[in-house]
Structures are given as structure tokens and as C-alpha cells.
Amino acid sequence: MKTAYKQLQRHLLLLVAVLALGACSTAPVQQGDAVIEPSFSADRVLGDDVAYVSDDISDPWEGFNRSMYRFNYRFDKYVFLPVVNGYKTITPDFLEQGIHNFFLNLEDITTFFNSILQLSGTKTVQTTGRFLVNTTVGLLGFIDVATRLDIPKHDEDFGQTLGYWGVGNGPYLVLPVLGPSNVRDGVGLGVDWFVMNELRDELDMKDSEELVLDIMKAIDTRANVAFRYYETGTPFEYDWVKLLYTTKRKMDIEK
Amino acid sequence: MKRYLGFLIATVWLSTGWASADAYDFPIDNKFLATVVGTPPEYRAKLPKKIPLKHRSITIFEDREVPEAFFFDAKLRYSQALQKGPAPLVFLIAGTGAAYNGGKNVNMARAFYQAGFHVVSISSPTYMNFIVAASRSGVPGHTVEDAEDIYRVMERIWDTLKDRVEVTDFYVTGYSLGGFNAAFVTWLDETKQTFNFRKALLINPPVRLYSSISLLDRMLENIPGGIDNFPQFYDRLVEQLTRAYKKSDTVDIGEEFLYQAFEAVNPDNEELAALIGVSFRISSANMAYTTDLMTDFGYIKPKNVTMTKNSSPSEFMKVAHRLGFTDFYHVYFYPYQKAKNPSLTRSELINDMSLSSIEDYLRSTEKIEVMHNMDDIILEPGDIDFFPRVFGDRAKIYPRGGHCGNMDFRDNVTHMVNVFSQQEVR
């Protein structure tokens with residue numbers, strides 16, 4: 001029974017590999033031998049010794065990343081968002097919120113073990129409190145009782161744990177469907193996913209149940225992110241997303 | 001005697017009553033702060049959270065070839081919220097570099113929808129998607145050409161609605177550059193007459209575009225050490241935000257958090273002015289690079305270089321953020337216009353791109369009203385007098401609010417809606 005789901009995962013991996021191989025160059029195409037000087041060329045405007053905010057972000061796989069960024073846009077447009085919109089239309093608001101709370105509550109497991117790994121007593125205690133209250137009184141997390149009781153919510157993952165222990169970002173990486181990341185956070189996602197999977201195996205969930213849960217989680221996550229690809233009004237969107245993602249993660253690690 | 005005294009007291013009491021009813025209690029005195037943070041939540045007009053605002057997209061030019069790098073922007077995006085029965089329709093035009101679904105347009109849509117209007121919300125002609133999908137020339141910034149582009153967009157959208165929506169009257173409004181655009185759109189409507197706008201409201205418009213863009217360019221000089229030190233400025237900003245973030249209970253960096261963060265960080269006037277400068281610089285960079293690719297002018301990108309879908313514009317991005325609106329004006333916009341009209345001088349163009357160029361019309365028409373602020377930062381000293389001089393009673397000037405900072409404030413929203421809805425009652 002496990003095979004169907006595993007096969008799906010293998011197909012996804014294959015797709016990524018194909019995209020990676022098909023990734024084209026990021027260089028513009030030039031006609032003729034010599035560049036016709038623009039009014040303001042980079043040579044003329046940019047000084048050699050001037051630093052830029054994005055200088056510290058390494059992006060050696062930009063060709064692949066940009067291709068993946070466009071793939072995500074198309075996936076969003078033709079698959080993800082239509083499904084999300086359908087889900088939002090048929091689901092009453094209170095149920096939508098309940099489902100969202102349910103997944104947020106499950107995420108507290110990830111936050112819990114990463115809070116321990118970051119040696120934070122406060123976060124560990126508060127997250128344990130949240131999880132216990134929400135799972136019991138909050139009916140498996142559907143009602144966020146903990147927030148009404150003013151127990152603060154934290155958001156820790158293994159990428160942040162690595163950052164806490166001094167691991168750098170590594171190269172920027174655009175993941176399929178999930179979007180902006182980097183090598184450190186990508187590894188972090190893998191570890192968090194592995195831990196959750198081990199826990200699920202303990203629960204003896206059926207293959208089909210796991211699949212439904214994963215799909216529901218994906219839909220719920222997308223439904224709660226306002227971002228729309230290529231609608232930010234800037235021709236430099238890829239670069240802005242890279243900068244803002246990196247900045248936000250830096251802030252998350254410090255928090 | 002006693003009777004007179006009583007009368008006197010009553011008069012004084014009444015008149016103070018009037019005075020306080022008339023007093024304007026927008027809470028932020030600092031024009032830079034008002035411009036950056038807007039209206040504090042507890043002072044905002046009460047508006048419905050959910051209105052049936054639908055996102056739509058439309059092809060404006062069937063034969064348009066969109067540059068490969070902008071493959072995603074071939075259609076113009078806009079939004080509409082329609083009443084069930086017959087109602088007046090208001091078009092909203094966003095400000096410099098802003099989208100139809102930016103915060104200010106969405107709040108205006110809420111206010112007008114609540115007041116019983118159909119609402120159609122359109123991006124600024126300086127917004128990337130508009131330049132790519134809806135600008136005939138691909139070069140924004142010209143008063144008449146922008147008005148023609150906006151008018152065409154309004155007509156196309158109206159074409160999709162007119163068979164199924166009953167409209168009693170048409171109105172148009174916009175803020176900042178969108179207010180400026182609204183004036184020229186109304187002026188154009190006098191000859192085109194598709195809509196015969198009943199009224200137009202200009203919210204915080206510039207008087208002379210060139211003066212405003214010069215002021216905004218200069219605001220970047222408030223970055224300590226100038227634009228060369230932007231990375232340090234950015235790092236310090238992030239540091240301050242992080243400090244506030246660590247103290248807060250939220251794990252989201254949304255509007256609410258940013259509001260708290262501002263109170264905690266308490267930036268000074270130079271920092272605020274620098275932030276305003278940065279925000280407009282980003283708009284100017286987006287606009288300049290987009291139009292450069294549309295016309296192959298050779299402003300930042302060499303003419304014989306083509307950007308593919310996958311090409312990295314990172315170097316061009318750095319250059320674009322080094323250049324201001326005034327650079328664009330002198331090196332791109334003026335030569336571009338002069339090529340079409342060889343006798344055009346630089347100062348003529350500057351004077352043409354101004355409300356004064358249609359001053360006689362603005363003075364004589366009863367249709368156009370203005371809502372503005374005494375301390376708006378995009379106006380040169382004394383420029384605010386243009387409005388009472390030309391519009392008379394049709395100009396409402398508030399004592400505070402900076403540039404569009406009070407647009408969500410109760411009194412302003414009431415005034416904004418009344419300008420149109422009192423027409424409907426009459």
C-alpha cells in the first residue's frame with residue numbers, strides 16, 4: 001500500500017530533476033558584437049567600492065532558481081490557486097479557521113522539539129502548554145484555546161535551529177511548490193518532515209489518510225498566504241523575494 | 001440684564017460647541033509620520049471588512065507584443081465590486097507605482113461600496129502591469145497620454161459591464177498621482193463623453209509633476225551618508241525591526257506588527273523622510289526599467305540586448321535604483337517627447353505636465369472637487385494655495401495629514417463619500 005504514495009513522491013523528484021537539467025542561462029541575449037551603450041550603463045553608474053544589500057546572499061544556482069520560480073507561478077495559477085479558491089468557496093469560514101488551527105497545532109510539535117534543541121525553556125514550556133490545551137480542550141486543535149488564554153505562539157523549525165547554532169544560509173534555493181528557501185532551510189524542512197513522518201508512523205495511519213492530510217495541509221497553507229506570483233508590480237520580483245525571504249529568516253532566527 | 005447674560009452664555013457655549021464639532025482631530029501632527037504610518041486603527045472610519053470585490057483581467061490591445069521577460073503581464077488586472085440593483089459607479093485610480101489592489105484603493109472601495117456605489121478599481125498608469133498591458137506608448141508620465149490610456153481602460157471595463165449592470169451616474173476619484181490623473185480624465189471626458197462624469201474628486205494631487213518628483217528624489221538625501229550607504233541604512237532598519245519583533249507576541253510581520261514596531265522604534269524626521277524617499281525610489285526604478293524594456297529606449301538596458309524569461313536583471317536593478325524620477329524625466333521622457341514634437345522645449349514640457357495647463361477648465365467646471373492637506377510633503381511651499389485659488393469652495397484643505405496619511409480617517413472618509421453621494425440625493 002505504501003508504494004502508491006512513494007511512487008508519487010518519486011515522480012515529483014523526477015520532475016525537479018528535469019527542471020534542473022532544463023534550466024537555462026540567466027544571461028541576456030546580445031545581438032551583434034559590441035554592446036550599444038545605454039544612457040546609464042552599470043559601469044558608469046555603479047562604483048566599484050559600493051556595496052549592495054543583496055551582496056551577501058549567494059545565488060550560484062540562479063538559472064535553476066529562476067526556472068523553478070516560473071514553474072511555481074504556473075503551478076500556482078493552473079493547479080494550486082484554483083483548488084484553494086474552490087476550497088474557500090465550499091468551506092464555511094468557521095470550518096476553514098478550524099482546519100487552519102488544526103494544522104497550526106500540529107506545527108507546534110515541530111516548534112516544540114526545535115525549542116528544546118535551541119535550549120529555550122520559555123518557548124518549550126509555552127509550546128507544550130499550547131499543544132496540551134489545544135489538543136484536549138481545543139478538540140484536536142480545531143479551536144485555538146491557548147491564544148485566548150494568552151499563551152504566546154512561537155514558530156521554530158530545524159532551519160532556525162541550525163541558524164541558532166551558527167550555521168549560515170548556504171546558497172539561495174527556490175523549492176518546487178514551496179518557494180523561496182536556501183540550503184540550510186531546505187535541509188531543515190527535510191528534518192522537520194522526517195520527524196513528523198516518524199510520529200505519523202507511530203499512529204499507524206493509512207497511506208490514503210496520510211495523502212489526504214498532506215494535501216489538506218498544502219491547501220490550508222496556500223489559503224493563508226496572500227502572496228501572488230508576478231503581482232508585486234516590480235520587474236525585479238525574483239530579487240526582492242530573495243532579499244526579503246533572507247531578511248525575514250534572519251529575524252526569525254534571532255527571535 | 002440677566003436675560004442678556006443667559007443669552008450671551010448660551011451663545012458662547014453654542015459657538016464653542018460648533019467650534020469643537022468643527023475641529024479636526026486627526027491625531028498625527030508630524031507630516032512625515034502621517035505620510036508613513038497613515039491613520040492609527042482606532043481613528044479609522046468603520047468600514048465593512050468583506051465586500052464582494054472581484055479580481056478581473058482584460059486584454060486592452062489585441063495586437064500587443066509583450067517583452068518576453070514580462071510574459072506574465074499581458075493582461076491588465078483590476079477589480080470591481082458591484083451592487084445588486086441600479087447604482088452610481090465610481091472609478092478609483094491608484095497613486096504612483098501603486099496597484100488596483102493596494103491598501104488605499106481597497107479602503108476607498110470599501111467606503112464607496114458601503115455608501116451604495118458600484119466600484120471599479122484601476123492601477124496607476126505608472127504601475128508595471130499598466131505600462132505593459134494598457135499604455136499605448138509604453139511610456140508613462142504624460143498628462144494627456146496617461147488620461148487617454150486610463151479612459152480607454154475605463155471604456156473597455158464598462159463594455160464588459162454595461163449589459164448586466166445598471167449605472168445611474170459615473171464618478172471618478174484617485175489619490176496622489178491618481179488624483180492628478182482624475183483631473184485630466186474628467187477634462188478628456190468633456191470631449192469623449194462616454195461617461196459624462198457627474199463629479200470627480202482629486203485627493204492629495206500634485207500641482208506640477210516636476211516639482212513633486214524633484215522633492216521626492218531629494219528625500220533620499222536623508223539617508224545618513226547618502227545612497228551609497230543604503231546597505232547600512234537597511235541593516236539598521238532591520239536591526240530595529242528585529243528588536244521590536246523579538247519583544248512582540250506575533251510571528252507574522254504584517255500591518256499590525258509594523259504599526260507597533262513604529263511606535264517602539266520611534267524614528268526621527270530624517271529617517272522617516274528617507275523611508276519615503278526609498279519607497280518612491282522603488283516605484284521610480286520599477287517604472288523606468290519597465291518602460292525601458294517596452295520601448296527599447298536604451299535607458300538602462302542596452303538596445304541590442306534582449307532579456308529572456310530567465311535573464312537576470314540584477315545589474316540593471318542596481319542601476320535603476322540609483323536613478324531618480326528627474327533622471328528619467330531629463331534623459332528619457334523629454335527626449336522621447338521631443339522626438340514626437342521637435343519644437344518642444346524642456347521648460348514647456350515641465351509646464352505642460354501640471355494642473356495649471358488646464359487651469360481655466362478646472363476653474364470653470366463645477367464637477368471637480370479637491371481634498372488636500374496643508375502639510376502635504378509633495379508640494380513646494382505655497383503650492384497648496386493653488387487649490388483654493390482655482391477651485392474656490394470646491395477645495396477642502398485639512399490642516400494635517402501629510403501626503404495621503406489621513407485618507408482612512410473618519411472625517412476624511414465621510415467627506416470623500418459625501419462629495420459624491422450628496423450629488424445623488426439632490
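Residue numbers begin at 1 in each chain, while the letters A, B, ... track the order of the sequences.
Residue B/A98: no heavy atom, backbone or side chain, is found under 4.5 Å from chain A. Residue contact with chain B, scored on non-hydrogen atoms closer than 4.5 Å, is absent for A/R228. At a 4.5 Å heavy-atom cutoff, the contact between B/T306 and chain A is made by backbone and side-chain atoms alike. Of the atoms belonging to A/Y73, it is side-chain heavy atoms, and not backbone ones, that fall under 4.5 Å from chain B. Looking at B/I282, only its side chain comes within 4.5 Å of chain A, counting heavy atoms on both sides. For B/N129, no part lies under 4.5 angstrom from a heavy atom of chain A. B/K301 touches chain A through its backbone: at least one of N, CA, C or O sits under 4.5 Å from a heavy atom, while the side chain does not. Using a 4.5 Å cut-off between heavy atoms, B/R243 makes no contact with chain A at all. Proximity to chain A (any heavy atom under 4.5 Å) is restricted, for B/L323, to the side chain, taken from C-beta onward. Looking at A/A27, only its backbone comes within 4.5 Å of chain B, counting heavy atoms on both sides. Of the two parts of A/A226, neither the backbone nor the side chain holds a non-hydrogen atom closer than 4.5 Å to a non-hydrogen atom of chain B. Contact of B/F297 with chain A is made through the side chain alone, with heavy-atom distances under 4.5 Å.
The shortest distance between side-chain heavy atoms of A/V29 and B/E68 does not fall below 4.5 Å. Within the 4.5 Å cutoff, the side chain of B/I300 has no heavy atoms near those of the A/P38 side chain.
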Derivation and outcome, side chain to side chain donor-acceptor pair (under 3.5 Å), residues B/T242 and A/E254: CA-CA 8 Å; B/T242 308; A/E254 281 196 39; 5.0 Å; no

Residues A/D239, B/S314; criterion side chain to side chain donor-acceptor pair (under 3.5 Å); working and verdict: CA-CA 7 Å; A/D239 299 82; B/S314 304; 2.7 Å; yes

Stepwise side chain to side chain contact (heavy atoms under 4.5 Å, CB included) check, B/N310 with A/R70: CA-CA 9 Å; B/N310 218 51; A/R70 277 198 313 284; 2.7 Å; yes

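Minimum interatomic distance between A/Q31 and B/V305 (heavy atoms only, all atoms of both residues): OE1-N, 4.0 Å. Closest of all the heavy-atom pairs between B/K309 and A/R74 is NZ-NH2, 4.1 Å. Summarising the geometry of A/E231 relative to B/Y127, their closest heavy-atom pair is O-OH, 3.3 Å, with the distance given to 0.1 Å. Contact record, B/V331 with A/S39: CG1-CB, 3.5 Å, taken as the closest heavy-atom pair. Nearest heavy-atom pair, B/F70 versus A/P235, reported as atom, atom and distance to 0.1 Å: CE2-CB, 3.8 Å. Looking at every heavy atom in both residues, B/M128 comes nearest to A/G233 through CB-O, 3.5 Å.
With respect to the salt-bridge test (charged N to carboxylate O, under 4.0 angstrom), the residues A/D252 and B/K246 do not qualify.
In terms of modelled atom types and a separation under 3.5 Å, the side chain of B/R322 and the main chain of A/L46 share no donor-acceptor contact. Side-chain atoms of A/K255 come within 3.5 Å of backbone N or O of B/Y245 as a donor-acceptor pair. Here the side chain of B/N304 pairs a donor or acceptor atom with the backbone of A/I36 at under 3.5 angstrom.
Defined by atom type and a distance below 3.5 Å, a donor-acceptor pair is missing between the side-chain atoms of B/Y289 and A/T234.
A centroid separation of less than 6.0 Å is found between the aromatic rings of B/F71 and A/Y230. Remark: aromatic rings of B/H321 and A/F236 are close, center separation under 6.0 Å.
Rounding to the nearest 0.5 angstrom, the gap separating the OG atom in A/S41 from the CZ atom in B/F316 is 10.0 Å. To the nearest 0.5 Å, the span separating CG on B/D292 from CZ on A/F40 amounts to 11.0 Å.
The candidate from A/Q30, A/E62, A/M251 with the greatest count of non-hydrogen atom pairs under 4.5 Å with chain B is A/M251. Across B/M307, B/K303, B/K318, the residue that shares the most heavy-atom pairs under 4.5 angstrom with chain A is B/K318.
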